[in-house]
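See below for the structure under consideration.
Since this is a predicted model, take the numbers as computed values, not measurements. Order of appearance sets the numbers: ligands from 1, and atoms from 1 within every ligand. Values reported hereafter were calculated over all heavy atoms of this structure, with side chains retained and with hydrogens, waters and symmetry mates removed. Along the sequence shown, residues are numbered consecutively beginning with 1.
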Amino acid sequence: MLSVRNLRKTFPTPQGPLIVLDGVNLDLQRGDSMALMGESGSGKSTLLHLIAGLDSADSGTILIDDQDISRFNDGERSRLRKKKLGLVFQQFNLIPSMTVADNLAFQARLSNRHDPDWSAFLAESLGLSGLLDRYPEQLSGGQQQRVAIGRTLGARPDLVLADEPTGNLDETTAHEVLELTLHLIAKTGCGLLMVTHSSNLARNLNHQVTLHRGRVT
Ligand SMILES: Nc1ncnc2c1ncn2[C@@H]1O[C@H](COP(=O)(O)OP(=O)(O)OP(=O)(O)O)[C@@H](O)[C@H]1O
């Protein structure tokens with residue numbers, strides 16, 4: 001479902017162009033999970049942003065379900081994000097003025113895919129059923145990230161892109177949140193590409209790749 005070919009990205013800097021991605025190739029099938037690792041500054045977030053259509057590559061192709069999104073204009077990219085992609089970040093990015101229930105339903109409502117049964121199933125699976133009337137500031141970090149993951153899966157994305165989703169959590173909580181996420185990813189059959197610095201966490205995903213000197217190894 002995701003196929004990245006020969007992706008190149010440079011950033012202009014006062015010292016000249018900085019080559020961050022120098023011919024990246026990557027494949028991810030539906031229902032599969034992949035950990036994207038690499039040292040700080042190796043280009044992991046840059047790659048995720050390109051796949052999410054938040055930035056443009058210099059050259060190369062990004063096929064999502066056989067559509068080359070690197071040729072998409074801004075409107076097409078934003079429609080793609082709404083219809084097919086789910087994004088999860090290290091910062092939970094919940095809406096502080098909304099309850100857990102409304103945060104959970106937010107993405108699905110935006111995509112016209114709100115399904116109360118699916119929402120209730122996600123809340124139950126993520127251990128959030130007893131917290132639906134609370135506000136984000138009344139939750140722990142792990143609970144907040146579980147809401148963020150439920151909000152993303154609520155819209156039934158085909159591909160979830162997660163940038164250090166457990167980076168703000170302690171190790172035990174990070175493992176718990178990841179386990180729940182992988183269980184739900186398997187249940188929905190979507191793909192997961194997750195940036196992590198932790199080889200302990202990466203081990204739980206089906207595939208592990210590393211970005212080094214602009215390439216995936
Ligand atoms: N908009 C930009 N302009 C110039 N340089 C940039 C820009 N965005 C990122 N970079 C540079 O590109 C390189 C890759 O950054 P990126 O954030 O993708 O790395 P990363 O692997 O995600 O790092 P970390 O693990 O620290 O989050 C870094 O050297 C960074 O300074």
Side-chain angles (χ1 to χ4, degrees), residues 2-28 32-64 68-74 76-78 80-81 84-94 141-142 144-145 148-149 152 157 159-175 177-178 181-182 185 191-217:
L2 170 68
S3 179
V4 176
R5 287 287 169 271
N6 285 321
L7 204 64
R8 281 179 56 86
K9 177 71 180 172
T10 51
F11 288 112
T13 70
Q15 293 76 37
L18 172 71
I19 302 172
V20 177
L21 304 180
D22 192 14
V24 166
N25 295 302
L26 195 103
D27 287 285
L28 184 70
D32 242 355
S33 57
M34 181 182 281
L36 177 61
M37 306 186 65
E39 58 195 32
S40 186
S42 58
K44 303 179 295 296
S45 298
T46 301
L47 177 56
L48 227 61
H49 287 174
L50 294 178
I51 297 172
L54 296 168
D55 196 0
S56 319
D58 300 345
S59 59
T61 55
I62 303 169
L63 297 181
I64 296 181
D68 185 359
I69 69 146
S70 45
R71 309 269 174 273
F72 277 16
N73 63 30
D74 286 351
E76 289 169 326
R77 282 182 195 175
S78 112
L80 171 97
R81 272 199 300 280
K84 291 196 176 237
L85 301 184
L87 308 181
V88 183
F89 299 99
Q90 185 169 346
Q91 299 78 14
F92 317 123
N93 297 327
L94 299 178
Q144 289 190 53
Q145 193 56 305
I149 287 160
T152 295
L159 173 63
V160 174
L161 302 169
D163 199 349
E164 288 269 358
T166 58
N168 277 339
L169 308 176
D170 65 65
E171 206 179 322
T172 311
T173 312
H175 274 278
V177 169
L178 181 62
T181 307
L182 290 175
I185 292 282
L192 169 69
L193 180 61
M194 182 181 102
V195 169
T196 179
H197 279 113
S198 160
S199 44
N200 263 338
L201 287 179
R203 217 170 278 143
N204 295 286
L205 279 68
N206 301 136
H207 307 278
Q208 298 80 27
V209 295
T210 303
L211 255 180
H212 182 63
R213 294 179 188 267
R215 299 204 173 191
V216 161
T217 57

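- You'll find the side chain of V24 stays beyond 4.5 Å of the side chain of L50, heavy atoms only.
- With hydrogens left out, the protein atom closest to atom 2 (C) of ligand 1 is F11 CD2, 3.5 Å, a heavy atom.
- Looking at atom 26 (O) of ligand 1, its nearest protein heavy atom turns out to be S40 OG, 2.5 Å.
- Test N200, T166, L201 against E171 for side-chain contact (heavy atoms from CB on, under 4.5 Å) and you get one pass: N200.
- Residue T46 has at least one heavy-atom neighbour below 4.0 Å for each of these atoms of ligand 1: 14 (C), 15 (O), 16 (P), 18 (O).
- Of all atoms in ligand 1, numbered sequentially from 1 with element shown, those under 4.0 Å from a heavy atom of H197 are 25 (O).
- Annotation: salt bridge (Lys or Arg N to Asp or Glu O under 4.0 Å) contacts of R71 (sequence neighbours excluded): D68.
- Those atoms of ligand 1 with a heavy atom of S42 less than 4.0 angstrom away are 19 (O), 21 (O).
- For atom 13 (C) of ligand 1, the choice among G41, G43, P17 with the nearest heavy atom turns out to be G41.
- A distance-only check finds a donor-acceptor pair linking the side chain of Q145 to the backbone of F89 [under 3.5 Å].
- No side-chain donor-acceptor contact under 3.5 Å links E76 to the backbone of I69.
- Checking atom 8 (N) of ligand 1 against the protein gives a heavy-atom contact under 4.0 Å.
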Atom pairs and distances, side-chain donor-acceptor, residues 11-18, under 3.5 Å, sequence neighbours left out:
from, atom 1, to, atom 2, distance (Å)
T13, OG1, Q15, N, 3.3
T13, OG1, G16, N, 3.4
T13, OG1, G16, O, 2.4

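- Within a 4.0 Å radius of atom 30 (C) of ligand 1, the protein contributes no non-hydrogen atoms.
- Counting atoms of ligand 1 from 1 in the listed order, those under 4.0 Å from a heavy atom of L18 are 11 (C), 12 (O), 29 (O).
- By the 4.0 Å heavy-atom criterion, E164 is excluded from the residues contacting ligand 1.
- Near E39, meaning under 4.0 Å from one of its heavy atoms, ligand 1 places the atoms 21 (O).
- Within the 4.0 Å heavy-atom cutoff, H49 does not count among the residues contacting ligand 1.
- The single protein non-hydrogen atom nearest to atom 27 (O) of ligand 1 is S45 OG, 4.1 Å, given as residue, atom name and distance.
- Taking every non-hydrogen atom of K44 and a distance limit under 4.0 Å, the qualifying atoms of ligand 1 come out as 18 (O), 19 (O), 20 (P), 21 (O), 22 (O), 23 (O), 24 (P), 25 (O).
- The main-chain N or O of L211 is never found under 3.5 Å from a side-chain atom of K44 such that the two would form a donor-acceptor pair.
- A heavy-atom distance below 4.5 Å is found between the side chains of N204 and H175.
- The contact set between ligand 1 and V20, taken as ligand atoms under 4.0 Å from a residue heavy atom, comprises 12 (O), 13 (C), 14 (C).
- Formation of a donor-acceptor pair under 3.5 Å by the D163 side chain with backbone atoms of V195 is not found in this model.
- Ligand 1 is never approached by T13 to a heavy-atom distance shorter than 4.0 Å.
- Between the side chain of S33 and the backbone N or O of L192, no donor-acceptor pair lies under 3.5 Å.
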